[in-house]
Asker: 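Before I ask anything, here is the structure I am working with.
Remember, it's a predicted structure, so these values are computed and weren't measured experimentally. Labels below follow one simple rule: chain letters A, B, ... track the order of the sequence lines, proteins then strands, and each chain is numbered from 1.
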Amino acid sequence: MPTVVIAPSLARWLTASPGSSVAERSCVVAGATVREVLDAVFAEYPTLRGYVTDERGALRHHVVAFVNGVAVGDKGRLAEPVPPGAEVHLFQALSGG
Amino acid sequence: MSDRLLVSTRKGLFALARGAAGWGVSGVSFLAENVTLAFADPRDGGWYAALNLGHFGVKLKYSPDAGKTWEDRAAPAYPDGEVVATADGKPPHSATLKLIWALEAGDATQPGRLWAGTLPGGLFRSDDGGKSWELVRGLWDRPERMHWFGGGADHPGIHSVVRDPRDPNVIRVAVSCGGAWTSTDGGATWDVGTGMHADYMPPELRENPVAQDPHIMRQCPAAPDHLWIQHHNGVFKSADGAKTWSHVPTAAPSGFGFAVAVHPTDPKTAWFVPATKDERRVPVGGKLVVSRTRDGGASFDVLRAGLPQEHAYDIVYRHALAIDATGDRLAFGSTTGGVWTTDNQGESWMPLPARLPPVHAVTFIP
């Protein structure tokens with residue numbers, strides 16, 4: 001089953017009010033497409049959904065998912081396959097001040 | 001007088017309290033996060049905080065215990081298939097939530113009722129304390145909405161939601177840029193107010209009520225037919241519940257600004273924090289002042305005691321000037337992180353001994 005690694009900047013929002021120091025989080029979930037894998041992650045961490053996807057279910061504009069190091073291109077449908085044993089990284093753009 | 005304030009900043013929500021030594025920071029929530037608006041619900045004392053996390057979207061949080069703990073609430077969501085136009089020639093595109101720009105409680109007979117004004121232009125209603133939201137179709141489906149446009153943002157937005165204390169079904173909203181609207185039936189139907197003008201627009205659009213850019217609209221709680229607007233084009237007032245508006249040409253030292261506060265019982269008294277003009281958004285002469293009228297806009301006092309008068313470039317955003325229930329105490333916060341308070345209607349001001357992040361919004365805790 002794929003392993004999903006959630007970057008610290010996202011993992012800190014697994015609680016309603018984040019603490020000062022949160023490490024990355026990883027979990028092993030079922031799923032054969034990006035959508036299925038993300039839905040499995042959201043089943044485990046329901047509040048994470050609104051941080052990773054927008055109200056249309058698309059990956060947020062400045063959030064990226066890598067499957068075995070390759071960025072997911074179709075951020076709307078999220079239909080790209082995820083091989084068994086793949087590593088999926090959820091990450092965000094680096095910006096701001 | 002209220003001894004507590006909530007200050008929403010680019011990098012956290014700061015609770016301020018007034019003690020024997022004056023005002024100070026009593027608590028911080030969401031440190032380093034972009035808190036765009038906060039609201040203390042007078043019905044249960046709970047605090048709502050709206051966050052705009054950029055990459056991760058817009059969030060709404062609720063604290064039942066004055067900021068000790070926070071819970072997630074739902075952010076308003078636009079239904080699938082809804083589009084927003086910008087009236088500047090760009091094609092319509094899918095409507096998704098960009099910002100929670102106004103929060104208002106229902107009245108005491110409506111526990112759980114909240115109103116949220118948002119970018120890109122939707123008004124939302126909740127009847128469960130923000131756990132779920134419904135788009136107010138009566139306003140969203142008005143054909144004029146497709147002629148609203150963004151002012152200082154890519155999208156139009158509702159920044160003012162004013163509930164008439166005499167009747168919970170009377171709701172007034174103001175839109176940048178889309179005018180000032182009133183519903184007398186709980187949001188089912190709406191009418192736009194007339195009389196504002198935007199001299200910077202093409203001649204055909206200057207007096208179009210839907211092309212107006214009110215920056216903020218506030219009412220006098222004891223006389224709710226009296227409302228004031230700080231508009232992109234100057235100060236306007238209404239004496240008939242936002243049906244008609246008249247220009248206040250005497251505003252000094254300038255008519256441009258974002259914020260207004262209205263005295264809770266005297267509708268002739270209002271405060272503004274002016275900037276030079278649209279294309280020069282700094283205090284006139286680098287001197288930070290508050291202007292006040294006590295005679296319905298016939299004349300203005302320019303108040304500067306205690307405010308920086310040398311190279312001060314503080315701008316006060318539309319939600320960042322607040323007045324308490326007595327009408328004597330006001331507070332405001334600036335884009336350069338200054339916070340000032342007064343206990344004498346602005347005759348003299350005291351600075352908060354702190355340098356805060358840029359301030360988005362200030363509100364008293366009732």
Asker: Counting only non-hydrogen atoms closer than 4.5 Å, does B/Ser29 touch chain A with its backbone (N, CA, C, O), its side chain (CB onward), both, or neither?
Answerer: neither
Asker: So which residues of residues 3-18 of chain A are in contact with chain B at a heavy-atom cut-off of under 4.5 Å?
Answerer: A/Ser9, A/Leu10, A/Arg12, A/Trp13, A/Ala16, A/Ser17, A/Pro18
Asker: Heavy-atom distance under 4.5 Å to chain A: side chain of B/Ser94, backbone, both or neither?
Answerer: side chain
Asker: Anything in residues 46-61 of chain A with a heavy-atom distance to chain B below 4.5 Å? Please list those residues in order.
Answerer: A/Thr47, A/Gly50, A/Tyr51, A/Glu55, A/Arg56, A/Arg60
Asker: Got a list of side-chain donor-acceptor pairs under 3.5 Å for residues 144-152 of chain B, not counting sequence neighbours?
Answerer:
{"from": "B/Glu144", "atom 1": "OE1", "to": "B/Arg142", "atom 2": "NE", "distance (Å)": "3.1"}
{"from": "B/Glu144", "atom 1": "OE2", "to": "B/Arg142", "atom 2": "NH2", "distance (Å)": "2.8"}
{"from": "B/Arg145", "atom 1": "NE", "to": "B/Trp140", "atom 2": "O", "distance (Å)": "2.6"}
{"from": "B/Arg145", "atom 1": "NH1", "to": "B/Val83", "atom 2": "O", "distance (Å)": "3.3"}
{"from": "B/Arg145", "atom 1": "NH2", "to": "B/Val83", "atom 2": "O", "distance (Å)": "3.3"}

Asker: Name the region of B/Leu97, side chain, backbone, both or neither, that has any atom closer than 4.5 Å to a heavy atom of chain A.
Answerer: both
Asker: For B/Tyr78, look at atom OH and say whether over 12 heavy atoms of other residues, nucleotides or ligands are found less than 6.0 Å away.
Answerer: yes
Asker: Which region of B/Tyr62, side chain (C-beta onward) or backbone (N, CA, C, O), has a non-hydrogen atom less than 4.5 Å from a non-hydrogen atom of chain A, or is it both or neither?
Answerer: neither
Asker: Heavy atoms under 4.5 Å from chain A: which residues of residues 353-366 of chain B carry them?
Answerer: none
